[in-house]
2 protein chains.
Amino acid sequence: MTSQRRVVAEVLDGEHVHLTADEVHARAVAKLPEISRATVYNTLGELVSLGEVLEVATDKRAKRYDPNAHQPHHHLVCARCGAIRDVHPTGNPLADLPDSERFGFTVSDVEVTYRGVCPNCAGG
Amino acid sequence: MTSQRRVVAEVLDGEHVHLTADEVHARAVAKLPEISRATVYNTLGELVSLGEVLEVATDKRAKRYDPNAHQPHHHLVCARCGAIRDVHPTGNPLADLPDSERFGFTVSDVEVTYRGVCPNCAGG
DNA sequence: GATTGACTTGGACTGAGTCCAATGTAGGAT
DNA sequence: ATCCTACATTGGACTCAGTCCAAGTCAATC
Ligand SMILES: [Mn+2]
Ligand SMILES: [Mn+2]
Ligand SMILES: [Zn+2]
Ligand SMILES: [Zn+2]
């Protein structure tokens with residue numbers, strides 16, 4: 001456990017955020033000025049491998065890193081500003097995929113992304 | 001309607017494929033050797049705007065272009081080889097997101113991506 | 001045949017991410 | 001306390017997907 005890794009973990013800890021790697025880097029630099037982008041990517045990759053952090057690809061640009069890995073959840077994304085909320089739909093979408101629609105796959109996971117417009121962007 | 005656009009439309013027509021822009025370009029070049037990448041991107045963008053083609057981001061690399069835009073469906077992706085199948089789960093995931101989980105958003109769309117291992121990759 | 005505006009082209013450019021050789025360092029061994 | 005070594009970190013070059021743009025082409029109209 002190096003100071004670099006500790007700083008990356010601290011950045012992700014606490015709030016339920018969905019930061020890009022560069023946002024993580026910017027916040028890490030605030031605490032440890034010389035930390036490099038490469039180390040942030042390495043550490044994020046390790047956290048993902050350990051299952052401590054999830055990668056989410058809600059927009060089609062940068063991946064986002066989600067520290068809320070232990071409570072299964074899905075995402076609601078604003079199509080205008082990109083805001084992301086964790087959501088917990090009822091029902092189990094895996095159960096909604098009949099065998100006849102599995103084509104012999106062993107299905108292990110499902111990601112659900114809701115899209116819409118957030119109250120801010122709706123100009124309420 | 002130029003010959004370039006016609007060729008891009010032809011590449012996407014027919015089978016239910018999920019090609020990347022560069023794969024579309026490669027197949028287009030086979031029919032019209034001098035067609036440029038820029039034109040393929042332009043044409044794909046227009047088809048997407050017109051609602052004739054969908055962009056899907058099942059893997060975290062290149063976007064894929066899906067000509068099956070008129071029948072709503074979701075995707076089942078092999079985590080090993082990237083194979084993509086169209087699937088039609090039962091139930092409506094929008095109905096599974098209660099108002100209390102909408103946070104004031106106007107939710108208009110939902111994407112479901114199932115992940116697993118295809119029969120080929122399972123080494124059956 | 002000239003004009004014109006839309007379409008196409010190639011190449012430069014960007015953003016996100018990966019890779020790598022060189023350097024630094026934590027912490028166990030002596 | 002010092003030395004060693006395996007591992008972590010660094011910066012920069014590189015890749016890949018995609019965007020942008022100025023210049024060139026082309027087809028339709030006049
Ligand atoms: Mn989340
Ligand atoms: Mn499809
Ligand atoms: Zn918004
Ligand atoms: Zn497979």
Side-chain angles (χ1 to χ4, degrees), chain A residues 1-12 17-50 52-67 75 77 79 81-82 84 113, chain B residues 1-12 17-50 52-67 75 77 79-82 84 111 113:
Chain A
M1 171 59 62
T2 65
S3 58
Q4 286 84 352
R5 292 180 188 201
R6 194 173 309 110
V7 162
V8 171
E10 280 173 26
V11 165
L12 288 173
V17 291
H18 303 90
L19 299 174
T20 65
D22 277 337
E23 288 165 351
V24 172
H25 181 233
R27 296 190 186 198
V29 162
K31 300 178 179 229
L32 184 66
E34 332 69 29
I35 190 172
S36 70
R37 265 180 17 106
T39 295
V40 169
Y41 274 104
N42 288 343
T43 306
L44 289 173
E46 285 159 18
L47 291 170
V48 169
S49 297
L50 292 170
E52 296 296 317
V53 167
L54 299 175
E55 278 179 355
V56 300
T58 50
D59 63 48
K60 283 150 195 166
R61 297 185 182 177
K63 292 176 195 168
R64 293 178 175 274
Y65 292 88
D66 185 341
H75 292 109
V77 180
C81 70
I84 303 175
T113 304
Chain B
M1 173 59 61
T2 65
S3 58
Q4 287 84 350
R5 292 180 188 202
R6 193 171 311 109
V7 162
V8 170
E10 279 173 26
V11 165
L12 287 172
V17 291
H18 302 91
L19 300 174
T20 65
D22 277 336
E23 288 166 350
V24 172
H25 181 232
R27 298 191 184 197
V29 163
K31 300 177 178 228
L32 184 65
E34 332 69 30
I35 189 172
S36 71
R37 264 180 18 106
T39 294
V40 170
Y41 274 104
N42 289 342
T43 306
L44 289 172
E46 284 158 19
L47 292 170
V48 169
S49 297
L50 292 170
E52 296 296 317
V53 167
L54 299 176
E55 279 179 353
V56 300
T58 50
D59 62 49
K60 285 149 195 167
R61 296 185 183 178
K63 292 176 196 169
R64 292 178 175 274
Y65 292 87
D66 186 341
H75 293 109
V77 181
R80 302 236 179 106
C81 70
I84 303 175
E111 270 171 57
T113 305

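The sequence lines fix the lettering, A, B, ..., with proteins before strands; numbering per chain opens at 1.
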Grab the [atom1]-[atom2] distance between [X] and [N] for me, whole Å please.
X     : N      : atom1 : atom2 : result
B/H25 : D/dG18 : NE2   : P     : 13 Å
A/L32 : C/dT25 : CG    : P     : 11 Å
A/D59 : C/dG15 : CG    : P     : 15 Å
A/L47 : D/dA8  : CG    : C1'   : 14 Å

Please identify each residue that fulfils side chain to side chain donor-acceptor pair (under 3.5 Å) with [X], with sequence neighbours left out.
X     : answer
B/E52 : none
B/T58 : none
B/E46 : B/R5
B/D22 : B/R37

On the nucleotide [N], are OP1 or OP2 found under 4.0 Å from the side-chain N or O atoms that [X] carries?
X     : N      : value
B/T2  : C/dT8  : yes
A/T39 : D/dT10 : yes
B/Q4  : C/dT9  : yes

* Structure fact -> Assign each of B/N42 and B/R64 the nucleotide of DNA chain D bearing its closest heavy atom; nearer the 5' end lies the nucleotide of B/R64

Distances for protein N or O near nucleotides 22-27 of chain D N or O, under 3.5 Å:
none

* **Partner residues of A/R64 under the salt bridge (charged side-chain N to carboxylate O under 4.0 Å, His left out) criterion, sequence neighbours left out** => A/E23, A/D59

* Asked: Given D/dT9, C/dT9, C/dC7, which nucleotide is nearest the side-chain atoms of B/I35?
  -> C/dT9

* Structure fact -> Nearest heavy-atom contact between A/A62 and A/T20 is CB-CG2, 3.8 Å

* Looking at B/Y65 and B/L12, what are the two nearest heavy atoms and their distance? -> O-CD2, 4.1 Å

* For A/V17, check side-chain contact (heavy atoms from CB on, under 4.5 Å) against everything at least two apart and list the hits. => A/E15, A/L19, A/P67

* **Partners passing ring pair (Phe, Tyr, Trp, His ring centres under 6.0 Å) against A/H18 (at least two apart in sequence or in another chain)** => A/H75

* Footprint string (nucleotides 12-17 of chain D, 5' to 3'): B base within contact, S backbone only, - free, heavy atoms under 4.0 Å -> -----S

